[in-house]
Each structure stands twice: as structure tokens, then as C-alpha cells.
Amino acid sequence: MKYTTSVNGNTYQIEINSAHQITVDGEIFAVDFESVSHQPLYSLLLDGGSHEAYIEYDAEGWQVLHRGDRYTVSVADERMQRLAQLGGLQADAAGREFLLKAPMPGLVVSVPVADGQPVEKGDLLLVLESMKMQNELRAPRAGTVQRIRAQAGQSVEQHALLLALV
Amino acid sequence: MKYTTSVNGNTYQIEINSAHQITVDGEIFAVDFESVSHQPLYSLLLDGGSHEAYIEYDAEGWQVLHRGDRYTVSVADERMQRLAQLGGLQADAAGREFLLKAPMPGLVVSVPVADGQPVEKGDLLLVLESMKMQNELRAPRAGTVQRIRAQAGQSVEQHALLLALV
Amino acid sequence: MINKILIANRGEIAVRILRACHELGIATVAVYSDADRNAMHVHRADQAYYIGPSAARESYLRADKILDAARKSGADAIHPGYGFLSERADFASACAAAGLAFIGPPPGAISVMGDKARARAAALAAGVPIVPGTDARAHLSDAELIAAAADVGFPLLVKAAAGGGGKGMRSAASQAELPAALAAAHSEALAAFGDGTLYLERLLPNARHIEVQILADMEGNVIHLGERECSIQRRHQKLLEEAPSPFVGDDEELRQRMGALACKVASAVGYANAGTVEFLMDEDRNLFFLEMNTRLQVEHPVTELVTGIDIVKEQIRIARGRKLSRKQSEVRMTGHAIECRINSEDPYNGFLPSIGTITTSILPTGPGVRVDTGVYAGYTVSPYYDSLLTKLICYGESRGEALLRMRRALEDYRLIGVKTTIPFHQKLLDSHRFMAGKFTTRFLDEDFHVADKPPTNPRIAAILATLVAHQQGQQTAHIQQHNVRDTSNWKWVGRWERMHR
Amino acid sequence: MINKILIANRGEIAVRILRACHELGIATVAVYSDADRNAMHVHRADQAYYIGPSAARESYLRADKILDAARKSGADAIHPGYGFLSERADFASACAAAGLAFIGPPPGAISVMGDKARARAAALAAGVPIVPGTDARAHLSDAELIAAAADVGFPLLVKAAAGGGGKGMRSAASQAELPAALAAAHSEALAAFGDGTLYLERLLPNARHIEVQILADMEGNVIHLGERECSIQRRHQKLLEEAPSPFVGDDEELRQRMGALACKVASAVGYANAGTVEFLMDEDRNLFFLEMNTRLQVEHPVTELVTGIDIVKEQIRIARGRKLSRKQSEVRMTGHAIECRINSEDPYNGFLPSIGTITTSILPTGPGVRVDTGVYAGYTVSPYYDSLLTKLICYGESRGEALLRMRRALEDYRLIGVKTTIPFHQKLLDSHRFMAGKFTTRFLDEDFHVADKPPTNPRIAAILATLVAHQQGQQTAHIQQHNVRDTSNWKWVGRWERMHR
């Protein structure tokens, strides 16, 4: 299987030849790759180097935590690549709304935005009190606020929908 | 459910009244009992006391490791008690043969007993080399050696039958 | 006599105190809320009593339930730890009334130091300079505070009169920022302490936050154990502490002068037991009294490592009415110690708290590494209490060795299940300004960002992510073989959804 | 220059050495066998090379494969740890020939000390008394050894000429016991070292096993770091060590005399790097040279804790050609340290080794506790290597504090999945003779049994077992509800089988 993988503005062509061999941008490497303790913790031996990393998938892509560095990596296989080139996936993904959900149970302290209000990336959307702290939830991108489901003084459960950004 | 439980020569009548209450020799206690990390590690809160113990079942009974003390406990419920009183279980259990199995993979160094040989409790049955040590496997009770399946120089897998004691 | 101690706390500090008791042969009693039945302090204590629902207000802050547990368990002393009831004079008095030794200062000393205005007055009377500010006792309204602000001078800090630990604290650079700062501090103070009273304090430019650990016995002997550097703060929350302070360095005269001032403040209020006097130190090494924390401090281990004194054991010793085990001349700081607070927060996402079940915990160990923790694999981090999971403390013969050891320990630590501040500390320890010891209390908020430096190995990250993505795609295919019915686009849709959820 | 070190070892000691390298900024190379792909030392190193099948003879003992890995990885030095190739003069020579620094003594010193007869001659020449015995160089046959036994005197020890670590060692109280002891020692020595040569040594009554840690640089400077008490042995295997020795106590003259003798022995063979001179000390404090271990010792951490010197870092420093970092006058022992070896062995069943996957590992931490380990939850203990899982090391201001801290740490440790020696150590620390420091090398074998004392809380054990049995019975019933087909006696039979398997 061939993959196109991007991280921090760099793109790599990676092919998985077998369980023990990969090709990266035309160069062949022997690999030994295992998960540790059945956790999302992985050990990679590549070209003599020993690498341990914590890897999970979230809304932004593959999150790789390796020696204190956090990388957000996007991995696309051949079919996804082709679809993306046809314009199907990309357009859809860009046009999707962002749903702000409660990252933990807590008390809504304030909602300093109104329905229909345009916001910039980084603008404050909501303040949630939890673990004895006031946590500011901010806009991950520019958009328009819609469907506000939370109000000041309200207790919310984890993953509760707070508002949408379109 | 009522149980008769013996440990170190003491016998206790224990009744489980509910998930949170037991009776021990007529005395009622509130209990809070949970397993820790889904392991055979248990936390018991009883009468204010906090007790953590490692508990597993083996050939000799329930093994309880609590604050550095190891207890071998036998627990019988009402039906088992009744059967035992009828003589069925006890006789059968006493008459069963003991199978000496390899506790780990290793190399048999010597088998200083012969088929049909009577042995006392504690007599040496076999020497197994493993983890860079010579381990002496001894008779857990008196009996007669039968069906020797191992000989000096032989490699054995874990749990391989080495000999029987009848 | 103290033969059984009830620990009115939870988390790493409850475990820390339990350990000191066990080593002294003193029986221990834990208390726990609904959320904490399987907390480590409950498992490790000799006895454990339930004190109510998860919210601290209904359990760990309920003096009546704690005193009731003490009575039932037959405890003869209470150790309050930090936070919760530790700085409540009424609780200390209630313990005494119930015939229990309170392992902390006398109620009078807590009262004075708990009221920022009286504390400042006490420090001034003892000849210790204070930072300009308003009188917290005055209970000024927002309007009055806004009026007083010009006299205090900008930049300034809005602080909670009942505060501590950076809670209910906000800074304002100008008159324009003040109303918002007051509003935020007010609501946070109310939530944290049940008291929204605020006061103002001048913010000194380029200041260091340096504190002195003191010990006082009931005969009036007071000694200090040297200073701790606490300037590494994010929004007034300490994240890393060291002893000694690299700013004080080997200026032994300054250290002893600062220590003597701290002892003077403590003596002035009739202090006994362990306490901490916090100072601000400006660029010219002028000292200003900030406040006194009348309890065990989160960061006490760095002092323990450089002095060899077990502060919790000393607290118990003092509460037993014994004399201090050492004279001032017998206290010596050797080497260097650093503490990193490992919180369940996401440093790559505004330090947002993170909850969940810890699935893996491989601790860093080996020479010079101390871990104070209350969590283990299988433990669930709840949203009810503060986010401190573990304190990682490293010792070295020099600051350099301690730093290198801490880098090694942070890299060795595997804590999976919640997001933690481990990567933040790794980045901080790589910062040249931090390494050089050249930082003030504003360093984290103004000059340091966790994602500043480009990561060093994007190719390895790309390969790792690709291998995991490939493996999971393979697993999807594998699962599908067992579910032969709905074939067609299932695999494809599954991956697409994973891509976009 | 040393910029990259290959660690020719595994387990806790490989991890210990990796940590020292990381803290010094030196790159690290691990080697691993089939059984060790997921060992901690592989995960923690910068590089890792596969060197063969699980059996040590085909991997960790293969000098050629290790030198090949060093060449491929670009390492410029090799640290051998303990065991495996650490005391093989030919390996040290091969490293030098390959242009690699060997982090250990020169081959000549290893040779002399590796041959017990030459070692004894060297000690005698340096003016250090030796224990009466036969010449190991003579390669005596069993018959010759039996003939020589009367001259040596009973009781005596049969020892392997190539031996160490208690392997290939047996005692005989009389002529009658000798043949069996010879046979057992012969086969064990052959298995452990590939060399069955034996010699005899008088067994001193009521002797202590006390050893001295030395450091020597390449300029001929030799210092000692005080003694370690190692008399707590089961069949010549050390299980617990302390520093200082409670027998030496505060007899500083004896300590310095013993240290000076150790330095003299080291100088006599042109020693460099870290080493340990082992002595027997009889009731009258007479010293007899036993042997010199020309490598890092398992129990080195107790010396590190009382002297503050990182012995592994010193080893690397010496191998880099630097002078010792301290003069003898700058070495000071402060406080007391104890090490418990946590082995995967069942102390309630003749210390039978135990293998399996570790499912839970909650480490004891907090003040004064050091853990050196190579295992973690999820790691599988294999039958291929020795059974040492973890070294638990506790420091205290006094022996009393260190003992109490170790009791606390042992109780805090939760290691599930294999049987361990933790309960053995808990019992040992409760023994009055141990507490009083009144024991000899025969103590464990003759006067101590782990199941001696009646357990303290049988009622709680009964309740715990009953609750688990009840719960599991309930679970069986619960499972059965989902398998409605084969009902009848299933539950009953299941329980009966569980009772008797």
C-alpha cells in the first residue's frame, strides 16, 4: 500500500512493502514496529534507530508525541488521494461545520457570543469551569456561531454540544 | 449465601447478606469490596479498616497475600459442605494423585527418584535448571512415584508433566 | 500523644503524608468522596471513611464530616495537607475543641495570614517591606477598587482576599483592562473560596517569585530551610520550582538575610509548624513580602532534597510538642533540586484540563529521581478536583545535573489516558533562557510558547503515523472478513468517517 | 572521545547505564535477543540492534555479534554491565582491538582477578590475608579435592574457579557431604560458565560478607567509597545489601583500614575503573580477602546513596581518561541505604523462579525511595535470564529510618503477574535479629524462614477469600445465564473442578 503523508509542511511518499520493509521517498528501510503493552504506545526500530511514540487519531489528524514533540500528521492512501484530486473530499471537509463540545463535565461560566455572530480564529466562544479552573474555549477557525445550546450557570456533561460554528 | 472458611486452623462462618453487608460468626459488618485496575488485586473496606490484597486460586486453595503475609484459605459453600459431610468429596480429593508439572520451561538436571519409589513430604523429586538457577522440585506430600516422564538432559516446556505421585 | 492521624486530603499529598506516618509507625485514616473510592490514598491507609459526594464542598470541605470520621476512627490528630481546609482557622479551632491535634499552625496565625491585609500589616510591623496595594480588609467594591488603582499604579494584580495558589488572580496593564480582570477574578474567587472579596497589588516589573520554607516549634524556635525559586508560572499557577534559586545563586548573605526576614514574620504572628513566606524580588534584589502560606506547600520536596530534612515528619514532630530536630547552623543546602508539576492538562491546547482513565503509567525511576503521585494505571481522573497528577522531582550535584536528569526523567515517563504537561516541561527545559536561569514571573506568559521551536524529526513522525494508519486499515479489513454480510463500501466509509470525526 | 556507548547487557542494569548516558548527553545503543524486543532497554535507547536468539549463549554472550553491532551503530565505547561478558578479559581485549573503549578495567586486571588462584596470590602479595583453600589453577579432580579437604578444614565451600554471583558454589560440613556438593557445584558451574573447574575454601564460622567499592583512574589514583554489608544471602545469592555495614558501624578506623587494603589490592594489579573487593570478616573483625569483582556491582546503588557519587558516571569519566572527580578526603558516607532485590521467585515455594506477563506494576515512590528496574506492566518475564526484576533502594538519615522506609516501600509495591520476593523482604525486615544487625552469612540458610511467624490477620484473609469466591461463583452464574443450553450441573461441576485443579 502507498501513502502520501504530510507533516509540518513536508510531504513524504511512503510505501509499506511488507511487515518488515518500507520505502520512504524511494529509499528502502528495514522496520520493526510493535505496540507496547497493548496501548497506543508504539516502538519503531528503523535503520538502527529506536523510537517510541504515543499516537492517536483526533479531529485534526494523527497526533504523534515523540520525544516531547507533538506532530499533527495527515496520511492519505492511494484511493483517498485520487478522490481528493477529483475535488470531492476536500470541498466537503472544508465546508463542514465545527461542533464545539464540552471537553469535560463542568459549569458554563459565560458564553460571550451570540447566534449568527461572525468570529475569527482564536476568538473566545465559551468559558467552562472544571477542575477548579476557568477554561476558555476558543474558535479553531473563522466562521459564524450557530445553535448555541449552553448558557451561563448551566452544568454540562462531557461531550455535550455547546454550539456550532459554520 | 453461607460459607465455611478455614485458614491457619481457624474456621469462620461467613454469610454474604448483600453486596454491602456480611455476617462473620454472627457479627454483622458493612463492607465495601472492589477489584483494583481489573486485576486480582482487591480493596476491602470493613468496619473502617482499609485492606488491599492479592488473591488467586491455586491447587492448594485461595492464596491471599495481605501486608506481606501469605494465607492459604479454603472456602466451602453450603452445598459443598453437605457433600463433604456425606464423605463424597473429601475421600475423592484425598485419593487423587499429584501431578508434578514443570513450573517453567527448563532443562532437567537430574531425577533422583525411580518409578514405584515411596517418598516422604519434602523429598527431592527432580532438579530443573531455569533462569540460571538449579531449582529443586520437592514432594508436596508422602506418596509413591509413578509415570516418570522426564530424564536428565531433557528440555521441557512449561506445564509439561514430569511425574506423578500417588 | 499522636498515634493515629487522619489525613483530611486526597491525591498525591494525601499519599505523601501517609508515607511519612507509615515510616513513623503512626496509624493512618483516609477520608474519601464518591469519586475517590479507588484513589491511592484510600488503598494505602490503615482505615478509610466515606465523607460524601464528589464535589469538594460536600466532602473534603465539610469540617463536620471530617471531625466525625476522626471521632469514629479514633484518630488523635489531623493533617490537612494543602488546599481544602488547610488554611481555615475555624477548622484548626474545631480540631482543638474536639481534642484533636491539628498538624499546622495555631488558629491565630492562620487567621492573620489568611487575611491579606492583616498579613501585610504584620510583615510591615516586623520590618519587612511590602508591595504597594489596597487593604483587603476594606472589602472594596469594584468601583472603589477602580478608583484606588491609580494610586497602586499599573501594571497591577487583582487578587482574592481569601486566595492562594493563583486562583482568583488576574493582571491588568492599564485602567482599561481592569473591569474585565475584576469580573474574572471575582467569579473565580467565589467558586474557589466561597468569598469573592478582591484587592489590588502593584505588579513589579521583572520580579522573581522566591519563597522561604520555615519550621517553628511550639517553644518559639524558628529556623528557615533556604529558598525556593517559583517564578515559572502560567497565569499565576506554579508549574516548576527549584531550590536553590538560580537568581540567589551562591549569594549566601542574601539567602540568610531573606531567611531571617521570613523567620521574623513567622515569629511576629506566634507561628508554629511548617510554613512558607513568599517574597517578590526585583532586579536589584530588593525583597517585598507577598504572603505567608500557613501549611505544607506543593513544592516542599525540592527543599527536602537539598536539605535532607523530611518536612512532613518535622510537622508531626512539632505537633507532638517536640523541639526542632536542628538548629539553624545545622541546616545546609547541598546540590540542586527541580520539581515539575505533571498536570492532566493539554499544553498544546491552552492547558485545557483532561479527564479519563489512566491506561499506562511507566514511571521514571533510577538515581536522583523522586516521584510523588496519587495515580496509577487503572485510576480514573475525575473533573472534581485540581489537575495535579504527579510531582516529578530530580536532584543533582549542580543545577546542570538536575536539569539533565529531569530531561531524562521526563522522556522516560509514560503516562497514557489523559493529556499531561509532560511535553510542556520538555520544551521548557530546552529553552535557553530557562537553562540560563534568566527568567521572571512573566516568562511563561510573555516569552515562551510550547510550540515555538520546530520539531526535530518530522520524517520519523510521518513514518510512525503511516505505520499506525496502515495497521488500523489492515485491522479494519480483518474485522470485515468476519462480517461478510455488509461488504461493498463499508471499509471505505469507515476510514472516511475516521478521517473526519 | 566517547560520544556513543553500546550497552552489552539487558534488564535493570542496561536501563541504569542508559540513564547515566542520557544525563551525560551521550548517545546510546542497545542490543537485544529474540526474547527482549520489548524490553525496556530497547525502548529507551537511541539505537537498538538485534543480536540473536534468546539463549544468552547465542546473543548476550556472543562477543562477535556485539562488536558487529558496535561497528554498525558507530559506537565508540562499550559498557558491559555485570554478568555476561563483563569479566571476560578476551572481550575487553577485543574491544580495544576494534578501537572501542571498554568501560571497565584493563584486560590484565580482569585476567588476574578472574583466576581465583592468581587473585589470591595477588592479595597475599599486597599483604592482605586470604581464607585457607586449594589452588584453583591446579584444576584438581574430585578425588584430589576430596584428599585436600582435610587440610583446608571443615566446614568448607566448594567454589567454581570461573565463578561469581554464588553460582557453582556449595557448602559441605563434613567429608561425608563433600561428594554431593562437588557434583552439584560441578554441573552448575559448567552450565553457568562453561567451565566446571572447582576449588575448596574454608568456611569461616559466624563470618560477615563485607565488600569495598573502589574507583581507580588511568593515572593510578585509587580511592574507596566505603563498605557494603552483603551477608544476607540465600545459598550464596545476595538478597539484600546495605551501606554502611551495621557490623562496622562507626568504627571509622576499621572502615579506613579495610578501604586501604582494597585500594592496595587494586593497585597491585594495575586496576582502573570501578571495582569491588570482597572480604570475609570474622567475629573478631579479622579481614580475609575473598575475591575482586572487576565490574559494576548489582548493589552499587547503596554506595551511591550514602556517598552522593554516581558510580556509572564515574566509570564513563574514567574511561574518557579523566582524573577521579574526588580525592579520598572528599568522600564522605552520610546516612544509611538498603537495597532489596526483587526477584521473580516464589519465597513461599523454595524460591522457585516464576515467569509470566506482568499485569500490574504500581511502584513505591516518594521521599528516599529509589527504584532501578527494567520491567513494566505488559512486559513478559522469560525463563532465559536471571530472575532480578527490580532493585528497591531506600535511604534514611539512620539505619532505623532506612529500614522503616523500606518496610513502607515494600508494602506500597504492587507487582502482579509473577511471584516475587517482596513478601520475603517484608518478613526479613520484621525479624528482630535482622533489625538488630546481628546476622552472619549463614543467617538466611540456618536461622530464618519466611513462614516462621504466624500471620497477623487470618480473619481478614478469610473474609477476603470468601468475598472473591462468592464473587466468582456469582460470575459463573451470570455467565451461565447467557449459555442457556447446557444447564443442569454445569455451575456445580465448574466449581468442583476449580476446587480441585
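First the proteins, then the strands, lettered A, B, ... as listed; each starts at 1. This is a predicted model, so every value here is computed, not measured.
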Proximity breakdown for [X] and chain A, heavy-atom pairs closer than 4.5 Å:
{"X": "Tyr348(C)", "result": "both"}
{"X": "Phe424(C)", "result": "neither"}
{"X": "Arg235(C)", "result": "side chain"}
{"X": "Ile422(C)", "result": "neither"}
{"X": "Val381(C)", "result": "side chain"}

Tell me, side chain or backbone of [X] under 4.5 Å from chain C's heavy atoms, or both, or neither?
{"X": "Leu128(A)", "answer": "neither"}
{"X": "Val109(A)", "answer": "side chain"}
{"X": "Glu52(A)", "answer": "side chain"}

request  = On the 0 to 90° scale, with breaks at 30° and 60°, tag the Phe84(C)-Tyr60(C) ring pair as parallel, tilted or perpendicular.
outcome  = parallel
request  = Name the orientation class of the two ring planes belonging to Tyr42(A) and Phe33(A) (parallel below 30°, tilted from 30 to 60°, perpendicular beyond 60°).
outcome  = parallel
Where at least one partner belongs to residues 152-166 of chain A, residue pairs that pass side-chain hydrogen bond (donor to acceptor under 3.5 Å, both in side chains), sequence neighbours excluded = none
query = If you look only at pairs with a residue in residues 345-358 of chain C, which of them pass as a salt bridge (Lys or Arg N to Asp or Glu O under 4.0 Å), with sequence neighbours excluded?
reply =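 Only Arg70(A)-Asp346(C) qualify under salt bridge (Lys or Arg N to Asp or Glu O under 4.0 Å).
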Sidechain-backbone polar pair: Ser354(C) side chain, Lys419(C) backbone, donor-acceptor under 3.5 Å =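 Here the side-chain-to-backbone pair exists.
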task = Please check if the side chain of His425(C) supplies one atom and the backbone of Arg341(C) the other of a donor-acceptor pair under 3.5 Å.
result =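 Yes, because the side chain of His425(C) sits within donor-acceptor range (under 3.5 Å) of the backbone of Arg341(C).
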query = Taking non-hydrogen atoms and a cut-off under 4.5 angstrom, which of residues 403-411 of chain C neighbour chain A?
reply = Glu411(C)
message = Checking side-chain polar atoms at under 3.5 Å, does Thr390(C) have a donor or acceptor matched by the opposite partner on Tyr413(C)?
response = yes
key: Ser187(C) and Glu129(A): side chain donor to acceptor below 3.5 Å   = no
key: Counterpart residues, salt bridge (charged side-chain N to carboxylate O under 4.0 Å, His left out), relative to Arg149(A) (two or more places apart)   =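 None.
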